[in-house]
Participant: 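To start, I am sharing the structure in question, which I have written as structure tokens.
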Amino acid sequence: MATMITNLRRDLIEEIISRVPLRSMKAVRLTCKSWNNISKSEIFTKMQIDKATTREGKTMMISVMPHNLSLMSVAVDDVDPSVEFKGQLSFLCNQVSIHKVIHCEGLLLCFLKDHTRVVVWNPYSGQTRWIKLRNPHPPSPSQWDWFKYALGYEDKGSCRSVKFLRFLDYLPEEPENQNVCYEIYDFDSDLWTTLDVTSHSWICYSSCGVFLKGNAYWPIEKSSSEANIDHIICFDFTRESFGPPLPLPFGATDRGYSYVNLSCVKEEKLAVFFQNYFSYEYEFEIWVTTKIEAEMVSWSKFLRMDLGPNIDIPITFFIDEEKKVFMGFEHREYPKRFINIIGEAKYLRKLNLQVPEGQYCWPPLCSYVPSSIQIKQPALRQKDRAK
């Protein structure tokens, strides 16, 4: 007599379902209540992440275009690195147009052409949370959005309380008329709160920041009189405040690099990229944290190389510590999208991401790691219950 799949042991069912592509997980959850519960468990999520990254040696990424989020994986190999297109992530039946995405530990903070609201989305679970902005139009003559945004959480043991930070710390168009604003939205209370905080520094408006262990980090100029970025700063979502400026590695900052960018390494460490904007020096350096907290940091050099004019300054970058490989996205051949894969022996390969050409989004590429973080839905208000 044949054994039905529903009669198998739970560990065997987990192993089978973990082989299902991410884009097909919605169908798995709709099959039955048991499979839905399995797919949302932390153990199962870790199993699927291991299959997608550790075992296959691949880095998962999302290419961002309006109405089109494409999931792909990059296999790093000294002989034949490759890009594999995994499929499109369906997003609200393609009814919204996205112009920017910020990734935070499996959650995507999506910015729309409708500037009055944003949406937080977990592609793994399919959950979404719409957030109406309190002050949707930035106080700027050009109407450029100078606000900075971050998604993080407060770890409460058995659950994570997700929060959304939005702030304006400097208005370049009107330096004499500054309108500083810091506000945070709590998913649990469904309320906005104005914060009495300050970053004590200028956070570069072009930096999206990176997110690690529930907190957000940005490169900063500690003093407005200094031309180069030599510190980072952390926003602690548990304390709902900024920590002190944390020094970048002196071995790099003393060389006067004019371009600094941050990246997250396996949701465990930060990496920082240094290069010069306005010179013919093509040297770059990458350092990785050996310890990182809201109020302290230590660094170790990962890679230093001079490749000549073969690569452009990357908009976003990723590293593989085990294989000593750097992956940087460049845009000088727009609208085509390429990623440079660079090894420590000056090994260089340029891979075409092979995504449809179209309108640009910012950033055009972000890393992605599936997560079972639950997005809490707002409680029904009294007037809604009465309907």
Side-chain angles (χ1 to χ4, degrees), residues 59 76 148 199 201-212 216-234 243-266 268-293 296-332 338-348 350 362-367:
T59 299
V76 177
K148 301 176 184 70
S199 63
S201 54
W202 182 67
I203 299 174
C204 180
Y205 71 87
S206 62
S207 173
C208 292
V210 294
F211 310 93
L212 182 69
Y217 295 84
W218 291 271
I220 62 169
E221 293 181 12
K222 186 178 178 181
S223 171
S224 58
S225 63
E226 298 176 5
N228 61 312
I229 295 173
D230 56 2
H231 285 72
I232 61 174
I233 198 166
C234 171
L246 304 174
L248 288 171
F250 179 75
T253 56
D254 65 346
R255 300 180 65 84
Y257 289 114
S258 56
Y259 178 77
V260 177
N261 201 358
L262 297 177
S263 181
C264 190
V265 184
K266 288 187 175 181
E268 297 172 357
K269 303 177 182 180
L270 291 185
V272 58
F273 176 94
F274 297 92
Q275 194 174 15
N276 277 319
Y277 257 137
F278 309 109
S279 75
Y280 293 101
E281 298 176 9
Y282 299 103
E283 180 184 78
F284 71 87
E285 290 187 26
I286 298 175
W287 292 65
V288 177
T289 57
T290 55
K291 188 173 183 180
I292 179 73
E293 297 175 0
M296 75 87 58
V297 66
S298 56
W299 301 92
S300 174
K301 185 183 291 185
F302 173 73
L303 193 64
R304 180 177 174 184
M305 194 173 297
D306 186 343
L307 289 173
N310 294 318
I311 67 167
D312 197 8
I313 291 177
I315 299 174
T316 56
F317 77 97
F318 318 95
I319 68 169
D320 186 317
E321 279 193 289
E322 296 179 359
K323 298 183 179 180
K324 278 283 186 177
V325 167
F326 158 85
M327 294 169 279
F329 176 87
E330 68 172 54
H331 65 100
R332 61 179 170 182
F338 291 92
I339 188 166
N340 293 311
I341 299 181
I342 302 170
E344 59 180 337
K346 292 193 176 182
Y347 165 83
L348 171 63
K350 185 187 293 287
W362 189 269
L365 194 71
C366 67
S367 63

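We use all heavy atoms of the structure for the numbers below, so side chains are in, but hydrogens, waters and symmetry mates are not. Position 1 is the first residue of the sequence; numbering continues from there.
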Participant: So, taking the atom named CE in Met305 and the one named CD in Glu285, what distance separates them when rounded to the nearest 0.5 Å?
Facilitator: 11.5 Å

Participant: To the nearest 0.5 Å, what is the distance between CD1 on Ile286 and NZ on Lys301?
Facilitator: 12.0 Å

Participant: Could you tell me how the ring of Tyr259 sits relative to the ring of Phe273: parallel (under 30°), tilted (30 to 60°) or perpendicular (over 60°)?
Facilitator: perpendicular

Participant: Distance check, rounded to the nearest 0.5 Å: Leu212 atom CG versus Glu268 atom CD?
Facilitator: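 So the CG of Leu212 and the CD of Glu268 are separated by 9.0 Å.
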
Participant: Check Val210 against Cys264 and note the closest heavy-atom contact, atom names and distance.
Facilitator: CG1-N, 4.4 Å

Participant: Report the residues that fulfil side chain to side chain contact (heavy atoms under 4.5 Å, CB included) with Glu321, sequence neighbours left out, ordered by chain and then residue number.
Facilitator: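 For Glu321, the residues satisfying side chain to side chain contact (heavy atoms under 4.5 Å, CB included) (neighbours in sequence not counted) are Val265, Lys269, Val288, Phe302, Ile319.
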
Participant: With rounding to the nearest 0.5 angstrom, report the CG to CZ distance, Leu303 to Phe284.
Facilitator: 5.0 Å

Participant: Rounded at 0.5 Å granularity, tell me how far CD1 in Ile339 sits from CZ in Phe317.
Facilitator: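 Those atoms lie 11.5 Å apart.
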
Participant: Does any part of the side chain of Phe329, heavy atoms only, come nearer than 4.5 Å to the side chain of Pro314, both counted from C-beta?
Facilitator: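 Contact flag for Pro314/Phe329 side chains = no.
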
Participant: Hey, does Pro249 have a side-chain heavy atom less than 4.5 Å from the side chain of Phe274?
Facilitator: yes

Participant: Would Ile232 and Leu270 count as a side chain to side chain contact (heavy atoms under 4.5 Å, CB included) here? Give the steps.
Facilitator: CA-CA 11 Å; Ile232 61 174; Leu270 291 185; 4.2 Å; yes

Participant: If every non-hydrogen atom of Ala216 is compared with every non-hydrogen atom of Trp218, which pair is closest and at what distance?
Facilitator: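 Distance-wise, the nearest heavy atoms are CB-CH2, 3.7 Å.
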
Participant: Using the side chain to side chain contact (heavy atoms under 4.5 Å, CB included) definition, which of the options Val272, Asn261, Val260 pairs with Ile229?
Facilitator: Val260

Participant: So, taking the atom named CG in Leu246 and the one named OG in Ser298, what distance separates them when rounded to the nearest 0.5 Å?
Facilitator: 10.5 Å

Participant: Checking side chain to side chain contact (heavy atoms under 4.5 Å, CB included) against Trp299, which of Ile292, Thr289, Thr290 comes through?
Facilitator: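 Running side chain to side chain contact (heavy atoms under 4.5 Å, CB included) over Ile292, Thr289, Thr290 with Trp299 returns exactly one hit, Thr289.
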
Participant: Check Ile220 against Pro245 and note the closest heavy-atom contact, atom names and distance.
Facilitator: CD1-CB, 3.9 Å

